Amino acid sequence: MKLKKISESIEPAVTVEPKAATKRAPGLSRRDFLRNTGVIGGSAALGSLLAPAMVQRAEAAAESQAQGAVKQVKTICTHCSVGCGIIAEVRSGVWEGQEPAFDHPFNLGAHCAKGASVREHGHGERRLKYPTKLVDGKWKRVSWDEAINEIGDRLLTIRKESSPDSVYWLGSAKHNNEQAYLFRKLAAMWGTNNVDHQARICHSTTVAGVANTWGYGAMTNSYNDIHNSKSILLIGSNPAEAHPVALQHIFKAKEENNAPIVVIDPRFTRTAAHANHFLRIRPGTDVPIIWGMLWHIFQNNWQDETFIRQRVYGMDEVKAEVAKWTPDEVERVTGVPEQQVFAATKVMADNRPGTFIWCMGGTQHTIGNNNTRAYCIFQLALGNMGVSGGGANIFRGHDNVQGATDLGVLANTLPGYYGLAPGSWGHWSRVWDLDLDWVKGRFDDGSYEKKGDKAVPVMNTKGIPVSRWIDGVLEDKANIAQKDNIRAMIFWGHAPNSQTRGPEMKQAMEKLDLLVVVDPYPTLSAVMHDRKEGVYLLPACTQFETYGSVTASNRSLQWRDKVIDPLFESLPDHTIMYKLAKKLGIADQLCKHIQVNNDEPLLEDITREFNRGMWTIGYTGQSPERLKLQQQHWGTFDYTSLAAEGGPCDGEYYGLPWPCWGNPEMKHPGTPNLYDGSKPVAKGGLTFRARFGVERNGVNLLAEGFYSKGSEIKDGYPEFTDKLLKKLGWWKDLTPEEQQAAEGRNWKTDLSGGIQRVAIRRGCAPFGNAKARAVVWTFPDPVPIHREPLYTSRRDLVSKYPTYEDRKSFWRLPTRYGSIQATDYSKDFPIVLTSGRLVEYEGGGDESRSNPWLAELQQHMYAEINPRDANNVGIRDGDTIWLETPEGKVKVQAMVTRRVAPGVAFMPFHFGGVFEGRDLRDKYPKGADPYVLGEAANTAFTYGYDSVTQMQETKCSLCRIQKA
Amino acid sequence: MARMKFYCDAERCIECNGCVTACKNENEVPWGVNRRRVVTIKDGERGERSLSVACMHCSDAPCAAVCPVDCFYTTKEGVVLHDKDICIGCGYCFYACPFGAPQFPEDGAFASRGKMDKCTFCAGGPEETGSADEFRKYGRNRLAEGKLPLCAEMCATKALLAGDANVIADIYRQRVVNRAASSLAHGVELQRQKFRATPERERTRTRGSEG
Amino acid sequence: MRHWWVWVWLCLGATLFPPVHAAGPSTDKVLNPGAELWNEVRGRQAAPATTQVQGRDSQVLVNEWGEHFRDYRRQRFVRYSGYLLAGVVSLLLLYHLLHGGLEVTESGRKVLRFELTERIVHWLLAGVFLLLTVTGVVLAFGRFVVLPWSGPEVFAVIASASKEGHNLFGPLFIVALLWFFVLFVGRNLPRLVDIYWLIRAGGMLGGGHPAAGFFNGGEKIWFWILTIGGLAVSTSGVVLDFPALVEGRNPLVLALVVHGIAAVVLIAASFGHMYLGTLGVKGSLEGMKSGLVDEAWAHAHHVLWYEELNRKAQAESSAREQGQ
């Protein structure tokens, strides 16, 4: 018999009052809350909080609690990209219990602190409860219609006065795939490329670096595939805190394969505590340490020559660069002695296949794209790519950051990495069944840049990335490559404290005409500015209150079921999008082939729509029906291979990891490990993508002597087009209908999927079979090189490893490099500042700091300081300190620890709600302040952006520390 | 009869605190009371290890020995439980417990502590099994539902094991066999070894090259 | 068998014995890593442990004192203090049966021995002391003495009331004790005659009453036992009653040990005092009730005080005479 979890404590509305974090938080659950509400009929305070429907439901819940049956719902954790399965127990619409999903192939029921406490989101006492706007500096409750109307009118005015580009659509990695897609489409219908999301500031350099090396910008293998690794290298990655369940898989390899673990990090992280080799590098010296390791590889001929010959272009150029990184120079730059580098390199060379894991420690740099490419080259040199147990296992951050990236919530691409080229818009207009000219007409009719002499239409111009939106607001209009400044920001699931340059962000927020926050929580966006009006907070529900697909880091799509109905007055994101689109007059186009019920677009129809267009990365085979079937039978999938053994999904890989080629009827099983030639493409095998042409400077870019199993072409080949099919004599394999659709198209734009089907039936990868390129000639540094951070303490290295020169217009904005590095800040700011994650919190932390079970475990914002630095300025553990950078300052607690090296300080970035020492608790809407507030690390973090993707620099800055 | 035990594998515990929040979630333990906690030694230094601790359900429980009102009892599964109706909140169990398992909702003047609260191995308490009273006072009774404590069931790395002592001992024994070496030994090797070896001589041996 | 011990050993001790082939090139020169870890766990090395959970001693992994406390409480405190109290009671009983109480033929003339305030303070102190003794004894021994008779439900009520009563009225004892001390310390300063009195054991060994002042040597010892013991129970009691004053749990354990031992000593001594004040020496109780004692009683037990009283009376009367 199941338990009836009924709490008798009658402690009504008081619990929604703000309380200081240090005080005892109420032990009252949302269930009690509902129940009590029902029982007592709602106090005055509650009556205003809850919609009548809510109270009725609460009453119903209370009444039927005794006899109501418990329903088990399968869903997916909304915290990180591991994608852990969750079994929610719901009785009468109340989320009562959480059971471990022992048969879920990713986590076997395991959870970290966040995953084990997600049930709280279904109670959400600190949530934003109804639409709210700022009037005369006070929060005022408004109705949904009022809010949407007012926001819509303001947006249309801005559109008329300035241009569509003056509205910034900031999406979210917290959306499910369908919402992310709809959001990108909404921005396109609105007529702007000023749309972006957190991927910009988490793994954009990975996506750019990796995609430009071998084709796709994603984790190549999977968490589970680490079971097959013989060695594991982690750089700039701390999965023990950021992806704890990943450690389950890593430990399996460690214990069963005796796989040595190498951790390269400036901090002795909790992951490093379990490592066999720990190399403590100076922050920002990723390229030198990797080149230093490659130096030993080349020196000892440990590289995989066959692999390089067959599948890699440009390794010789890399060798020339690596030769400069002698052990002495590596030690001089990184601080790691030769013996340690050698030992770590040797274990990686001795134990193959080895996997290579990186995270934001590598990506968030001005040379982030160089770092990620260096990592790729390391794996290519050892021949660790395209094999089970090897690969570049890039752990993504948010639960659906992979999906939101894939679905193009980015300023530089449409869904599926099609880019913004005219052909891309043509392709998507066909998928949307819209007139391309109408779409084009939605954009500003001017032009912001020139290609040669030709003016590039705005729709083909990259937008402003989210990392730089503040410059889009504050920069002089004359310096921005768009018609006007950004005048309205729509934060649709984004925490501003995840972005650097806090003081300027505050200014930017205050300069805006309109600030809209759509989120389950008010977030720091609601309070960090001193605006008096023009702020709207719209309560979105969490992903547990809606359903849809979500893409884990390993490219697996999982179907999330709805656990409970939206709480309070919150609405699902896609419903809010539709309401707004309706107001803006673009709803019919937005949902032309999507059924809409009561303002809620049918999510399955959205899935089917992107299935029809996402040919590039094989998001085409994952129909809602297939995903739902897999979800119902997730227990039939193998823990290591992720393949279903028997059952209705026999032979499929869990989550149909993309590319899942062709249409759903083709039943492609998904691709568990990218570029793995040991399987036929039809069974999940792959080659490197032919993305960069077939020849460069007389050198063949296609694979030589390598092809995937069962390929009828026994050598490299370019990507498939109608012409190639005809040339090969395979055109007749297409049905007449397919021939008609495929004429003049290629594997990416053939909406029938015929070209892909035929290529795969012949054992070929639709995207060709080429070499990975170690030299990305389209990037500022074709061969990755080291460049000192903008704010560096090593002035002696600046002349040898200078940063880039300032750029006038880069993603529409002037971007500074050399002009900052030219100033020597190291005298006044002697300590290197870096940042990272805590296991209890996630992202900006508004959600997790509002969860009492998590908040209790991290009550104070702090900075880690080495005892040496602490002693030098007379700071003891627990003291309050001012940490000041050249651009900002924060007041935090000192944690004196050897976790950081002397001369390095570390701050976690999840805190918010205190700004430069000022507590903002009373500025939150009543009852919606998180339990724990703290200074945001990024208030102090400084300028610096990647030279390709505008990724922000959050890992190297300079600071000084004083007792407060 | 099976004897229930917890066991935390220090080689696997990564201090993710999943067990802590799982416990909060399952038993709705209020802020300030933590039936389970993760303790880290040598935090931030080589040799850093963490252990998740809660009531260990001792066979000869010190808490029960010192309790002035004898409110503890051991179930037939070996779970040490207590009766909150009898507990007077004197705090002796907390003094005697080797693990600091007993928790008190208050720490106020005149030694007012409220009733002691501690890990129940998710086995409820003396109230009627599955009743609202049992849940309110002691939390869920998963054992009665044929389930094990949620903290262990949800452990991210399967470091925390719970169940029949013989079974978990077997699981752990298997792990030790699988581990050619604990990473602690690796760690020590790394700490102590001066890497005298030069690259040419290749004297740095690794586990992989031996096996 | 102490099972928790085994489990911690299993948890951590397994790292002590890595399989033989795991030995790295230099492990033979290395200290046993497990021992180092174990020392850390037991908190024997300087580096403290940490935890994200806030709470009293939450960062202590293994409470080294726990086992000592259990051992002290069950094996020593309850046993030996039980022996002591039972022994004192038996001795007094035995003495009474053999000797009976001391009785002095009353003269019928009364003299004032204790002022009203003195009596009030005495009885206040005595009352609080008795209350604390009863509640304290319930907490210390009730489980073994009361519980088997009453059953857990009834005992829970008694014990809970005892705990609350003990904690609430404890501070009153300190007030009464201080007041009492101020009132009586002057008459309890040791004098040479007290030693003679003590050597003669107050006459219990025969040979008549040795001379004594206002308080005899025995009473003075009781006074000082009460003062010192009272100080000990009070200080430790304050710590126990207001745990926020100290950090961690070890000061509380220490306070509890001091409190228990001091209290048992006080109780044992108070048994003697109570016996002598009631059955042991007839007439004493009357002195504390009404403040008046019979002259014969005064002469018998406190001859020096009686003589002084007489001298004073004579001096007063002569002064009166002179004045008239």
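We use all heavy atoms of the structure for the numbers below, so side chains are in, but hydrogens, waters and symmetry mates are not. Predicted model only: the values in this text are computed from it and were never measured. Reminder, nothing fancy here: chain letters follow the sequence lines and each chain counts from 1.
- Interface check for chain B: of the options R143(C), E164(C), K163(C), R56(C), the most heavy-atom pairs under 4.5 Å are formed by R143(C).
- For C67(B), the parts lying under 4.5 angstrom from a heavy atom of chain C are both the backbone and the side chain.
- C93(B) contributes atom SG, which lies 13.0 Å from atom CZ of R70(C) (distance to the nearest 0.5 angstrom).
- Heavy atoms closer than 4.5 Å to chain C are found in the side chain of E15(B), but not in its backbone.
- Looking at D83(B), neither its backbone nor its side chain comes within 4.5 Å of chain C, counting heavy atoms on both sides.
- The cationic group of R249(C) lies under 6.0 Å from the six-membered ring centre of F94(B) and within 45° of the ring axis, placing it in a cation-pi geometry.
- Only the side chain of L256(C) comes within contact range of chain B, judged by heavy atoms closer than 4.5 Å.
- Side-chain atoms of D43(B) never come within 3.5 Å of backbone atoms of T50(C) as a donor-acceptor pair (strictly under, hydrogens ignored).
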Checklist line | Derivation of the side chain to side chain contact (heavy atoms under 4.5 Å, CB included) call for F69(C) and V66(B) | finding: CA-CA 8 Å; F69(C) 175 69; V66(B) 300; 4.0 Å; yes
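- Counting heavy-atom pairs under 4.5 Å between each of P171(C), G55(C), A156(C) and chain B puts A156(C) at the top.
- When side chains are defined from C-beta on, T51(C) does not count as touching T40(B), because their heavy atoms never get closer than 4.5 Å.
- The part of Q59(C) that comes within reach of chain B is its backbone (N, CA, C, O), which places non-hydrogen atoms under 4.5 angstrom from that chain.
- Per-residue counts of heavy-atom pairs under 4.5 Å with chain C were compared for V38(B), V20(B), N17(B); the largest is that of V38(B).
- Contact count versus chain B (heavy atoms, under 4.5 Å) is highest, among L147(C), V78(C), L252(C), for L252(C).
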